Amino acid sequence: MKFAEALMDGKSSEKIVLKTVQKRHKSAFISEGYNKYYDIAIPEIDKTIEVKKDFKSMETGNVVIETEMNNQPSALSTTQADWWVFHTEPTKLYWITPFTIRDMINIEGFKEVVFTGTGDTKSKKAYLIPIEFLKLYSKKIQTIELVL
């Protein structure tokens with residue numbers, strides 16, 4: 001999947017998370033254009049959310065937590081989001097803070113790996129976190145309704 005296709009695919013997850021958040025916080029909105037710090041802002045509580053869609057985790061059993069792309073800090077290294085929400089299957093959202101992600105990596109001793117993702121032209125550094133650990137460390141696991 002090329003970057004533009006992956007971005008559009010990720011945008012669908014952002015819209016799902018936004019609808020969930022707007023049930024309690026009507027002013028929440030998706031950040032316009034590319035924003036490496038967060039995807040969704042919630043002005044009335046001054047919080048932000050980064051959304052990570054990783055349906056491939058259903059096959060691999062791992063979520064990818066990127067730290068560097070094309071020799072530049074990215075994702076976990078640059079985030080300013082208060083929350084990360086992993087959309088790992090059509091009906092599951094895992095809510096976790098970047099602080100907790102970093103703690104999980106340190107406590108569990110996960111090691112960074114370097115690989116070139118399908119559709120990518122440049123390598124990335126990332127942690128491959130077993131979904132069971134994401135479940136264990138998440139602050140909230142939300143089941144969402146599928147709308148067909």
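As the structure is a computational prediction, the values presented were derived from the model and not from experiment.
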side-chain contact (heavy atoms from CB on, under 4.5 Å) partner of I42, chosen from V21, T48, D82: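 Of the listed options, the one satisfying the test is V21.
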
message: Which residue is it: D103, I65, L76? I am looking for the one with a side-chain contact (heavy atoms from CB on, under 4.5 Å) to P98.
response: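 Result for side-chain contact (heavy atoms from CB on, under 4.5 Å) with P98: L76.
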
- prompt: Would E68 and S74 count as having a side-chain donor-acceptor pair, cut-off 3.5 Å?
  reply: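 On atom types as modelled, these side chains do not qualify, holding no pair under 3.5 Å.
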
task: Go through the side-chain N and O atoms of S57 and T60 and say whether any donor and acceptor fall under 3.5 Å apart.
output: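 There is no such pair between these side chains.
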
task: Please name the pair of heavy atoms, one in G33 and one in K11, separated by the smallest distance, quoted to 0.1 Å.
output: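 Closest heavy-atom pair between G33 and K11: O-NZ, 4.1 Å.
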
Let me confirm one number: the [atom1]-[atom2] distance from [X] to [Y], rounded to the nearest 0.5 Å.
X   : Y    : atom1 : atom2 : result
I96 : L134 : CD1   : CG    : 5.5 Å
L18 : S31  : CG    : OG    : 11.5 Å
D39 : I30  : CG    : CD1   : 8.0 Å
I40 : T20  : CD1   : OG1   : 8.5 Å
K15 : Q22  : NZ    : CD    : 12.0 Å
S13 : F86  : OG    : CZ    : 12.0 Å

Are [X] and [Y] connected, step by step, through hydrophobic side chains (Ile, Leu, Val, Met, Phe, Trp, Tyr) whose heavy atoms are closer than 4.5 Å?
X    : Y    : result
W83  : I101 : no
I107 : F133 : yes
F110 : L136 : yes

Criterion side chain to side chain contact (heavy atoms under 4.5 Å, CB included) on I16 and H87, from CA distance to verdict: CA-CA 9 Å; I16 289 167; H87 190 195; 3.6 Å; yes

task: Check whether any side-chain heavy atom of I144 sits under 4.5 Å from a side-chain heavy atom of K92, and report yes or no.
output: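 Side-chain contact under 4.5 Å: no.
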
- prompt: Within a strict 4.5 Å, meaning less than it, do heavy atoms of the V64 and F115 side chains meet?
  reply: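 Yes; the side chains approach each other to less than 4.5 Å.
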
Exam field: side chain [X] to backbone [Y], donor-acceptor pair closer than 3.5 Å:
X   : Y    : value
N35 : Y37  : yes
D54 : T88  : no
S77 : T67  : yes
T97 : T100 : yes

message: Looking at D46, I want to see if its CG is surrounded by more than 12 non-hydrogen atoms of other residues, nucleotides or ligands under 6.0 Å.
response: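 No, CG of D46 has 12 or fewer neighbouring heavy atoms, counting only those of other groups under 6.0 Å.
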
- prompt: Excluding sequence neighbours, so at least two apart, what forms side-chain hydrogen bond (donor to acceptor under 3.5 Å, both in side chains) with T79?
  reply: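 Partners of T79 by the side-chain hydrogen bond (donor to acceptor under 3.5 Å, both in side chains) criterion, ordered by chain and then number, come out as W84.
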
task: Could you go through the side chain to side chain contact (heavy atoms under 4.5 Å, CB included) check for I105 and E112 one step at a time?
output: CA-CA 9 Å; I105 289 166; E112 245 178 352; over 6 Å; no

- prompt: Does the ring centre of Y137 sit less than 6.0 Å away from the ring centre of Y94?
  reply: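 Between Y94 and Y137, the centre distance exceeds or equals 6.0 Å.
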
Going by atom type alone, with no hydrogens or angles, which donor-acceptor pairs under 3.5 Å involve a side-chain atom of residues 121-132 and a protein atom two or more places apart or on another chain?
from: K124; atom 1: NZ; to: D120; atom 2: OD2; distance (Å): 3.3
from: E132; atom 1: OE2; to: K135; atom 2: NZ; distance (Å): 3.4

- prompt: Does K36 count as lying over the ring of Y34, i.e. NZ or CZ under 6.0 Å from the six-ring centre, within 45 degrees of the axis?
  reply: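 No, K36 does not lie over the aromatic ring of Y34.
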
query: Going through the distances and angles, do W95 and V17 end up as a side chain to side chain contact (heavy atoms under 4.5 Å, CB included)?
result: CA-CA 10 Å; W95 294 74; V17 173; 4.2 Å; yes

